[in-house]
Amino acid sequence: MFLVGILSDLHDWHSEQIDFFLKKNNCTAIKLNFDDMLLKFKDNKITFLNEKKISKFDAIWVRYINAGSLEEITTKLTILHLIEKMKIYVHNSARVIEKTVDKIRTTGLLELNEIKSPETFVCIGNNLKKLPTNKKYNYLLKPIFGSQGKDILLIKDPKKSMRMKAKGNVFYLQRFLKSKEKKFSDFRILVSNHKIISAMERKSEHFITNVFQGATIKKILVKRELERISIKVSKILDLGYGGIDIKLHRKTYYVIEVNGIPSWKGIQKIEKKNISEILVKDFLKKIL
């Protein structure tokens, strides 16, 4: 039916699931690595020199991009842009990944579109004293490129943390929304084609509620307001599929982060329907 490339820096359970359900739908699936992408520019042509003929693919599914240097990330995104220029569908596209991999851009776009996020401050270099942070609040220092809750620090008073260093010399400080409960919690909403596929609540003894860092999870029914926000976020960022992290604080929902290349192995453990199969069927609708 279709020839699909699964492009990733790491092929794991997710790639295997995508591969299985693509083949179940009469597609040919080939796993590709970003390191295989050897390019040649000559005679007004772009040629991929790896053994796989990229020009023959009907679509590329981007599964995972490693953290790396600015040059590495930029090159990988450029490759995706060029593949799209060859009229090959990319899921999720470079444009989507650019809007979600960079926390500053994500937060800015959501705020401009009237989606609430926790109060956030950004500065380049160690200009923390100039930021109008509030001593009454704690803040999370997050790397602007990062996932799975890695390298996040809880800061009690940024102005007293002058020796603190941020990854890439960019400080992204987001107000930490405390809960009256002893455990920390938030929601992960998995969306595809601007609809909700599954949702879970994550709880942890630690302020980081990522499943890969030991959070406990349970399936939730999505209330109308939570659904409205999730779908609006999906449309603003033009997600093919994505994971939206939302916190309920004092009866108001705040979008904490958006992951444009989410994992779903954790949420599958509490979901009866097969998420991978749904995601693949939604993907195929994009290229029919």
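When a residue number appears, it is its place in the shown sequence, counting from 1.
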Next on the checklist: Could you go through Asn138 and Ile155, starting from their C-alpha distance and side-chain angles, then the distance that decides it, and tell me whether this counts as side-chain contact (heavy atoms from CB on, under 4.5 Å)?
Outcome noted: CA-CA 6 Å; Asn138 292 339; Ile155 307 298; over 6 Å; no
Checklist outcome for this item: Contacts of Glu227 meeting salt bridge (Lys or Arg N to Asp or Glu O under 4.0 Å) (sequence neighbours excluded), chain-then-number -> none
Checklist entry - Is there side-chain contact between Thr216 and Ser204, with heavy atoms separated by less than 4.5 Å? => result no
Next on the checklist: Assess the residue pair Phe184 and Phe176 against the criterion (ring pair (Phe, Tyr, Trp, His ring centres under 6.0 Å)); give the C-alpha distance rounded to whole Å, side-chain angles, the decisive distance to 0.1 Å, and a yes or no.
Outcome noted: CA-CA 11 Å; Phe184 303 98; Phe176 180 58; 5.7 Å; yes
Checklist entry - Under the side chain to side chain contact (heavy atoms under 4.5 Å, CB included) test, which residues partner Lys273, sequence neighbours left out? => result Glu271, Ile278
Just distance, no hydrogens or angles: give the donor-acceptor pairs under 3.5 Å from side chains in residues 229-239, sequence neighbours left out.
residue, atom, partner, partner atom, Å
Ser230, OG, Leu226, O, 2.8
Lys232, NZ, Asn113, O, 3.1
Ser234, OG, His194, ND1, 2.7

Checklist entry - Can you name the residues that form a salt bridge (Lys or Arg N to Asp or Glu O under 4.0 Å) with Lys251, not counting sequence neighbours? => result none
Item to check | Listed once per pair and sorted, the ring pair (Phe, Tyr, Trp, His ring centres under 6.0 Å) pairs that draw on residues 108-136, sequence neighbours left out | outcome: none
Item to check | Heavy-atom pair of closest approach, residues Ala29 and Lys23 | outcome: O-CE, 4.2 Å
Checklist entry - Can you name the side chain to side chain contact (heavy atoms under 4.5 Å, CB included) partners of Lys136, sequence neighbours left out? => result Asn134
Next on the checklist: So Phe187 and Tyr253, do their side chains get closer than 4.5 Å, heavy atoms only?
Outcome noted: yes
Side-chain donor-acceptor pairs under 3.5 Å in residues 77-90, sequence neighbours left out?
residue, atom, partner, partner atom, Å
Thr78, OG1, Thr74, O, 2.8
His81, NE2, Glu98, OE2, 2.9
Tyr89, OH, His91, ND1, 2.7

Item to check | Least distance between heavy atoms, Arg63 atom then Pro262 atom | outcome: NH1-O, 2.9 Å
Checklist entry - Any idea which heavy atoms bring Phe34 and Tyr64 closest together, and the distance? => result CE1-O, 3.8 Å
Next on the checklist: Tell me whether Lys116 is salt-bridged to Glu111, with the criterion being a basic N under 4.0 Å from an acidic carboxylate O.
Outcome noted: no
Next on the checklist: Strictly below 4.0 Å, N to O, side chains only: are Lys265 and Asp12 in salt-bridge contact?
Outcome noted: no
Checklist entry - Under a 4.5 Å cut-off applied to non-hydrogen side-chain atoms, are Leu39 and Leu49 in contact? => result no
Checklist entry - Transitively linked via ILVMFWY side-chain contacts under 4.5 Å: Ile60 with Phe48? => result yes
Item to check | Distance-minimising heavy-atom pair for Ser276 and Gln268 | outcome: N-OE1, 4.1 Å
Checklist entry - Which atom names give the shortest non-hydrogen contact between Val62 and Asn92, and what distance separates them? => result CG2-O, 3.5 Å
Next on the checklist: Taking ring pair (Phe, Tyr, Trp, His ring centres under 6.0 Å) as the definition, give me every residue that meets it alongside Phe20, ordered by chain and number, with sequence neighbours left out.
Outcome noted: none
Checklist entry - Going through the checks in order, is the side-chain contact (heavy atoms from CB on, under 4.5 Å) test met by Ile275 and Ile197? => result CA-CA 7 Å; Ile275 293 172; Ile197 303 303; 4.3 Å; yes
Item to check | Min side-chain heavy-atom separation Thr75-Ile73 under 4.5 Å | outcome: no
Checklist entry - Quick one: are Trp61 and Ile18 in side-chain contact, heavy atoms under 4.5 Å? => result yes
Next on the checklist: Please determine whether residues Ile244 and Tyr254 belong to a single hydrophobic cluster, defined as Ile, Leu, Val, Met, Phe, Trp and Tyr linked transitively by side-chain heavy-atom distances below 4.5 Å.
Outcome noted: no
Checklist entry - Taking only residues two or more places apart in sequence, or in another chain, which ones meet Arg105 in a salt bridge (Lys or Arg N to Asp or Glu O under 4.0 Å)? => result none
Checklist entry - Considering residues at least two apart in sequence or located in another chain, which fulfil the salt bridge (Lys or Arg N to Asp or Glu O under 4.0 Å) criterion with Lys76? => result Asp9
Next on the checklist: Tell me whether the NZ or CZ atom of Arg175 lies within the 45° cone about the ring axis of Tyr137 and under 6.0 Å from its centre.
Outcome noted: yes
Checklist entry - Which pair of non-hydrogen atoms, one from Ile152 and one from Glu257, has the smallest distance, and what is that distance? => result CD1-OE2, 4.4 Å
Checklist entry - Residues two or more places apart in sequence or in another chain: which of them pass side chain to side chain contact (heavy atoms under 4.5 Å, CB included) with Lys42? => result Lys40
Next on the checklist: Under 4.5 Å between side-chain heavy atoms, counting indirect links through other Ile/Leu/Val/Met/Phe/Trp/Tyr residues: same cluster for Ile104 and Ile261 or not?
Outcome noted: yes
Next on the checklist: Using a strict threshold of under 4.0 Å (side-chain N to carboxylate O), is an ion pair present between Glu201 and Arg188?
Outcome noted: no
Checklist entry - Charged N to carboxylate O under 4.0 angstrom, Lys286 versus Asp282? => result no
Checklist entry - Which hydrophobic side chains are connected to Leu112, either touching it within the sub-4.5 Å cutoff or through other members that do? => result none
Next on the checklist: Do Lys99 and Leu109 have side chains that approach each other closer than 4.5 Å (heavy atoms only, starting at C-beta)?
Outcome noted: yes
Item to check | Thr120 side chain reached by Tyr172 side chain, heavy atoms, under 4.5 Å | outcome: yes
Checklist entry - Can you hop from Val280 to Val96 via hydrophobic side chains spaced under 4.5 Å? => result no
Checklist entry - Any link between Leu177 and Leu153 through a network of hydrophobic side chains (Ile, Leu, Val, Met, Phe, Trp, Tyr) touching at under 4.5 Å? => result no
Checklist entry - Would you say the side chain of Phe2 lies within less than 4.5 Å of the side chain of Leu284, judging by non-hydrogen atoms? => result yes
Checklist entry - Looking at Lys247 and Asp186, does any basic side-chain N land under 4.0 Å from a carboxylate oxygen? => result no
